[in-house]
There are 4 protein chains.
Amino acid sequence: MGLVGTQSKQRVPRAVRERQMLDAAVATFAKRGYRAASMDEIAVAAGVSKPLVYLYLHSKDELYSACVRREAEALQAAVRAAVEPGAPADRQLWSGLLAFFEHTAAHPDGWAILYSQARTVGEPFAEEVAAMRAEIAEFVRALIGAAAADAHCDPVLADREVAGLAHALVGAAESLAGWGAAHSGRENAATLMNFAWSGLANLMRGGRWEPSAR
Amino acid sequence: MGLVGTQSKQRVPRAVRERQMLDAAVATFAKRGYRAASMDEIAVAAGVSKPLVYLYLHSKDELYSACVRREAEALQAAVRAAVEPGAPADRQLWSGLLAFFEHTAAHPDGWAILYSQARTVGEPFAEEVAAMRAEIAEFVRALIGAAAADAHCDPVLADREVAGLAHALVGAAESLAGWGAAHSGRENAATLMNFAWSGLANLMRGGRWEPSAR
Amino acid sequence: MGLVGTQSKQRVPRAVRERQMLDAAVATFAKRGYRAASMDEIAVAAGVSKPLVYLYLHSKDELYSACVRREAEALQAAVRAAVEPGAPADRQLWSGLLAFFEHTAAHPDGWAILYSQARTVGEPFAEEVAAMRAEIAEFVRALIGAAAADAHCDPVLADREVAGLAHALVGAAESLAGWGAAHSGRENAATLMNFAWSGLANLMRGGRWEPSAR
Amino acid sequence: MGLVGTQSKQRVPRAVRERQMLDAAVATFAKRGYRAASMDEIAVAAGVSKPLVYLYLHSKDELYSACVRREAEALQAAVRAAVEPGAPADRQLWSGLLAFFEHTAAHPDGWAILYSQARTVGEPFAEEVAAMRAEIAEFVRALIGAAAADAHCDPVLADREVAGLAHALVGAAESLAGWGAAHSGRENAATLMNFAWSGLANLMRGGRWEPSAR
DNA sequence: CATGAATGAGTGTTCATTCAT
DNA sequence: GATGAATGAACACTCATTCAT
């Protein structure tokens, strides 16, 4: 006793403790869902006492919010870092998709929170996640718009249609991320590019599928 | 007293009451989520006492299960009824998408249960919903396969790639259903067909987007 | 329809229906205990609807009370019928014990209600059962008193001691009835007579066990 | 304020609180029975909130089990401490009975739990109590056997008969403990010794009561 | 006579949250 | 800085009991 470094109760700087708590919370929320995860379980998983969790993160809502924010920012940062601003639109989309599939495969708990959990209506933070999603869709929309401009696309695509296409593409990517977790990110990205880009290119050339067509 | 319909304790046949309860439960589960919805709230919404809900539907789990089953069957029936088995593949896909978007737009609560809620990991019945989704994806996969065969598609598409495409399409449709609830089903279906079918057609002609392409 | 004897819903006279209900109730109360037995279960076991049970027996309390009363009277009647009023005290005790063990062995559910269930403090009817027990003890006490008088018992036994002896004997009999359900009534009765009567005889002769005796 | 003991939320060490809870639970279970006693009532009687009871004792079953265990061990300890292993059999029996009557008179609630409540078929822990009872009966059986051996008892008593006698004696003691709670333990013990020991002694001398005797 | 339909009141249990130390 | 002790409020579920038919 009295010897430096022999305390059993670690004095750990706040930043580190907070990260431990967030890690534990992300894992627990991903496994159980927001309501079913208990603060007790999270505190135990983080290796700290419950009041400490409250001291640092104030409430279950704020804790979950912090988890969502952290994971969302990490995903967005990964995608942003992969995209070269000056490159052609298809190249940018490809890089972004690749980074997206690789990041979600590497961080399944984070992805689960963003995709499966936080979306649940009625729960808090559906808005935060929806905002992130909207931001991504807007980015994709801009890419499509740029490509259309480059191609001097003849019968200009309606804004609303472009936005719809962007949402469809985002949904397709999310679905693939969930379904193709077993596959490599490169494979998923290639599948989606092949699927989407040709359709877009065709649209820009004025080719349309006609419902009345026999 | 004496007026028809002024009795305090309504005597209603079981089948009717059960439907009222399911309606109330679907609305409540859609608004709050499985865990956050309380049996009290559902009973009040259905205009009956809690014990009666338990008498007929036995538990929260069974009640939720019944909701999921009913909504899933309704959606599948709507899609199935719209698709003409003998028609060409693109025609079938179009009809199915149209029916899907129209049904989900007309029954947003049912769709919320199937899409947002039941998927949440940790909640019960995620499996049932995943199974329904897999069934739909398989149907789409078969359509794509048939179209590819019709087109004597040269460099045969790998099975795994077709399955991936099917999941991407399903995800795109789900995403559009959520985003474009305000739009007409016809519009959404057209957007998706334009987006997807041209890409598929191009793929079948052997056209591929090449990541290495500068 | 209209044919005599072909109704599916039996019209059964009240007395018979009541007996069916009591039989079912005795079996159910014996198996589950007073609180754990539900009126639903009893009604199903009796093969009638619940409101009919209420129509005839008014409440769970009254139903249980009727069960206790019926079983208690049956047991007392069996014992009373076996005892010959004029016979010597030991003979009377023997006959009573024999009848008691045989009746309880033949009606284990009734005995369970009287012995294990109805005694539980806090439950209603503990009093009714206690009264029956007191009546039996009093009968035994009178027997012992008569025997003592016959024997011109020297140092007259204190009234309280005789009452205590009677209670001890009753308890011994109850314990044997529970433990020795597998044995024949005759065996149990013989064991108890051998055990008790000699002790009583000795007491009457003035023989006492002395605590201070080495 | 400032006065010792005037805090609104008492901070009491866990061991103390647990004992308070057990005391309250024993009293409540004794008064109402297992099913009729509510956790609310117990918590109020213990002067704490219900969640604290659950935090420490986990469930109604475990709480009841803890009560039964504690009271059973206390009773057994009291009896064991009173019996001198080397003493003659009658002396041992006397000491044991005396301790038994004194302990049950001093702790009527504990005795109620062991005797009236836990025995009720259908309730949990009937087994635990039955096991304790069997242990006591076995101890008494051994005493009778030893006495018989000392006395060179001629027509050896059948094992089953000895076991029956032991059960009869235990039942007699239980009955007296319930009936004679108002009397002194010494009085009850004396009554039972006089009743039982002479009968046993007579049996060992080969004296038997004959049913066929006129 | 007999019952399907219905409920008020209460049960055991859990959880997010906060003090006093 | 860190925690053991404590609780208010709510939740899923059950049961004895009663109408209206």
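Excluded from the calculations below are hydrogen atoms, water molecules and symmetry mates; all remaining heavy atoms, backbone and side chain alike, are included. Labels below follow one simple rule: chain letters A, B, ... track the order of the sequence lines, proteins then strands, and each chain is numbered from 1. Just so we're clear, the structure is a prediction, and the values are computed from it rather than from any experiment.
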In a table with atom names and distances, give each donor-acceptor pair under 3.5 Å that connects a side chain of residues 66-74 of chain D to protein atoms at least two apart or in another chain.
unit_1, atom_1, unit_2, atom_2, d
Arg69(D), NH1, Ser65(D), OG, 3.0
Arg70(D), NH1, Asp23(D), OD1, 3.1
Arg70(D), NH2, Asp23(D), OD1, 2.8

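Of all the heavy atoms in Ala112(B) and Ala30(B), the pair that sits closest is CB-CB, 4.0 Å. Minimum interatomic distance between Leu55(B) and Arg14(B) (heavy atoms only, all atoms of both residues): O-NH2, 4.4 Å. Residue Leu57(C) comes nearest to Glu62(C) through the heavy atom pair O-CB, 3.3 Å, listed as atom of the first residue, atom of the second, then distance.
Using a 4.5 Å cut-off on side-chain heavy atoms (C-beta onward), Met39(C) and Leu63(C) make contact. Using a 4.5 Å heavy-atom threshold, the side chains of Tyr34(C) and Arg35(D) count as separate. You'll find the side chain of Leu52(B) reaches within 4.5 Å of the side chain of Met21(B), heavy atoms only.
If Gly47(D) and Gly47(A) are placed on DNA chain F by their nearest nucleotide, the residue sitting closer to the 5' end is Gly47(A).
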Readout for nucleotides 9-15 of chain F: B = base within 4.0 Å of protein heavy atom, S = sugar-phosphate only, - = neither; 5' to 3' it is --SBBBB
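Atom CG in Leu52(B) sits about 8 Å away from atom C1' in dT7(E), given to the nearest Å. Taking atom CG of Leu55(D) as the reference point, atom C1' of dG12(E) lies 16 Å away to the nearest angstrom. For Arg32(A) and dC15(E), the CZ to C1' distance is 15 Å, given to the nearest whole Å. Distance OH (Tyr64(D)) to C1' (dG12(E)): 17 Å, rounded to an integer number of Å. Rounded to an integer number of Å, the gap from CD of Glu41(A) to P of dA16(E) is 10 Å.
If you take CG on Leu22(C) and CZ on Phe29(C), they are separated by 10.0 Å, rounding to the nearest 0.5 Å.
Judged purely by atom type and a 3.5 angstrom limit, Lys31(A) has no side-chain atom pairing as donor or acceptor with the backbone of Asp109(A).
Out of dT7(F), dA5(F), dT7(E), the shortest distance to the side chain of Val48(D) is found at dT7(F).
With pairs defined as Watson-Crick or G-U wobble and both atom distances under 3.5 Å, the stems of at least three pairs that touch DNA chain E come out as E:2-21 with F:2-21.
Dashed line: the shortest gap from a side-chain N or O of Arg17(D) to OP1 or OP2 of dA6(F) is under 4.0 Å.
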